[in-house]
Enquirer: 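Sharing a structure below in structure tokens format, with a few things to ask.
Just so it is clear, the structure is predicted and the values come from calculations on it, not from any experiment. Both counts, for ligands and for their atoms, begin at 1 and track the order of listing.
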Amino acid sequence: MAEKRVLSGMRPTGPLHLGHLHGVLKNWLELQDRYRCFYFVADWHALTTEYENPRRIPGFSRELLLEWLSVGLDPEKCTLFVQSAVKEHAELYLLFGMIVPVPWLERNPTYKDMLQNLEHRDLSTYGFLGYPVLQAADILIYKAAKVPVGVDQLPHLELTREIARRFNYLYGKEVFPLPEPLLSPEAAKVPGIDGRKMSKSYGNAIFLNDSEEEVRQKVLSMVTDTRRPRRSDPGDPENRCVAFNLIKLYTPEERLREIVADCRAARLGCKDCKRELAERVIGALAPIWERRSRLEARRQLFEEILEEGNRRAREVARTTLEEVKEVLWGGRYF
Ligand code: TRP
């Protein structure tokens, strides 16, 4: 395995759904076999927007880790940890705070977007402005070469590179490599049951921890071709059917061609077609549910995995921080 490090994080703000599975986690799973991966729960980052309801975060954090393990992230292959358990992130964040010009943060497009979109919350805080500085510390403390993220995170990645460059320049040593983004594949965009992007806040998501019955009922409620009121009318799956987007993700090539042909020829009804889809989605989620229940039955093992992940992350983070202090003021002086 290459020694190159990959790092990514997720904010613990609620349960994961199929959008996360296809857009993010499949990518993470693949990377764990090729790089030394660090995946962490960004609980301090969650606090930047959820500071009024912090009590919910610990539950979400543990749930997130449980879901990561359930989808197959393997603690033997990658390091899974919690940000707030590795205090070194906070120290590096503070040191970066000394060298980051405020205008770099104010002109960050993601920052400006979020201020507008989350208008109902007061985000005029120091912590929220500093969000990308903390993110830079998360990434650089592991000297990550690659950071799998979505397009919305690219400005943060660019800022991370600028901070790394500025630090290296100011203290005259290439302490931090410049990390590259690894964009999640666009093709993995998953529509929700109403056809809009799948999202918890739209109420259109199929969650990884939904029950079999919930999945079935959600899939059956998906909109199909509305210009096909009767079963004897020919359908247009590629252009007019919301369910078809999911069907494409879950159906093997050959069967998919049949479905398209049968829908167009009015040989296959929408109800039957969605029933088949529901069973395919359930089949794909079954191993995740199975792993999850095995883990839930072994709380002790779960705790040990978390402890071990935090310990491994701390070790790497501490080494980098020693080097940072070395270039900053010539090492520890007390
Ligand atoms: N900002 C990221 C998000 O909202 C979460 C995050 C925090 C992150 N620190 C990170 C992602 C470091 C990648 C690397 O999705």
Enquirer: Would Leu80 and Leu306 count as a side-chain contact (heavy atoms from CB on, under 4.5 Å) here? Give the steps.
Expert: CA-CA 7 Å; Leu80 306 174; Leu306 304 194; 5.9 Å; no
Enquirer: Relative to the heavy atoms of Leu7, which atoms of ligand 1 are at a distance of less than 4.0 Å?
Expert: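 Answer, ordered by atom number: 12 (C), 14 (C).
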Enquirer: Check the side chains of Gln83 and Asp138 for a donor-acceptor pair under 3.5 angstrom, ignoring hydrogens and angles.
Expert: yes
Enquirer: For Phe81 and Tyr142, take the angle between the two ring planes, folded into 0 to 90°, and tell me which bin it lands in: parallel under 30, tilted 30 to 60, perpendicular over 60.
Expert: tilted
Enquirer: Is there side-chain contact between Thr224 and Cys273, with heavy atoms separated by less than 4.5 Å?
Expert: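 No, too far: nothing below the 4.5 Å cut-off.
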Enquirer: With heavy-atom distances below 4.0 Å as the criterion, list the atoms of ligand 1 near Tyr131.
Expert: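 Near Tyr131, meaning under 4.0 Å from one of its heavy atoms, ligand 1 has 1 (N), 2 (C), 3 (C), 4 (O), 5 (C).
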Enquirer: Could you tell me whether Phe40 approaches ligand 1 through its side chain, its backbone, both or neither, with non-hydrogen atoms closer than 4.0 Å?
Expert: side chain
Enquirer: Is the Phe40 to His45 ring centre distance short of 6.0 Å?
Expert: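 Centroid separation for Phe40 and His45: 6.0 Å or greater.
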Enquirer: With a 4.5 Å limit on heavy-atom distance, are the side chains of Leu157 and Ile139 in contact?
Expert: yes
Enquirer: Hey, which atoms in ligand 1 end up nearer than 4.0 Å to a heavy atom of Val147?
Expert: 13 (C), 14 (C)
Enquirer: Report yes or no: do Ser84 and Asp43 form a side-chain donor-acceptor pair below 3.5 Å?
Expert: yes
Enquirer: Is there side-chain contact between Gln153 and Gln135, with heavy atoms separated by less than 4.5 Å?
Expert: yes
Enquirer: Does only the side chain of Ile139 get under 4.0 Å from ligand 1, or the backbone, or both, or neither? Count heavy atoms.
Expert: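 The answer is the side chain of Ile139.
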Enquirer: Would you mind checking which non-hydrogen protein atom is closest to atom 9 (N) of ligand 1, with the distance to 0.1 Å?
Expert: Asp138 OD2, 2.8 Å
Enquirer: List ligand 1 atoms under 4.0 Å from Arg11, heavy atoms only on the residue side.
Expert: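 Listed by number with element: 4 (O).
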Enquirer: Just to check, does Met10 reach to within less than 4.0 Å of ligand 1 when the distance is taken from its heavy atoms?
Expert: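 Not so, Met10 does not reach ligand 1.
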Enquirer: We want to know whether Glu296 and Ser293 form a side-chain donor-acceptor pair, criterion being a heavy-atom distance below 3.5 angstrom.
Expert: no
Enquirer: Among protein heavy atoms, which sits nearest to atom 3 (C) of ligand 1, and what does the distance come to when rounded to 0.1 Å?
Expert: Gln153 NE2, 3.4 Å
Enquirer: Between Ser8 and ligand 1, is there a nitrogen or oxygen pair with a distance under 3.5 Å?
Expert: no
Enquirer: Nearest to atom 8 (C) of ligand 1, what protein heavy atom do you find, and at what distance?
Expert: Gln135 NE2, 3.6 Å
Enquirer: Show me which atoms of ligand 1 lie under 4.0 Å from any heavy atom of His45.
Expert: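 Within the 4.0 Å cut-off of His45, ligand 1 contributes 7 (C), 9 (N).
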Enquirer: Would you mind checking which non-hydrogen protein atom is closest to atom 5 (C) of ligand 1, with the distance to 0.1 Å?
Expert: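 The closest heavy atom on the protein side is Gly9 O, 3.7 Å.
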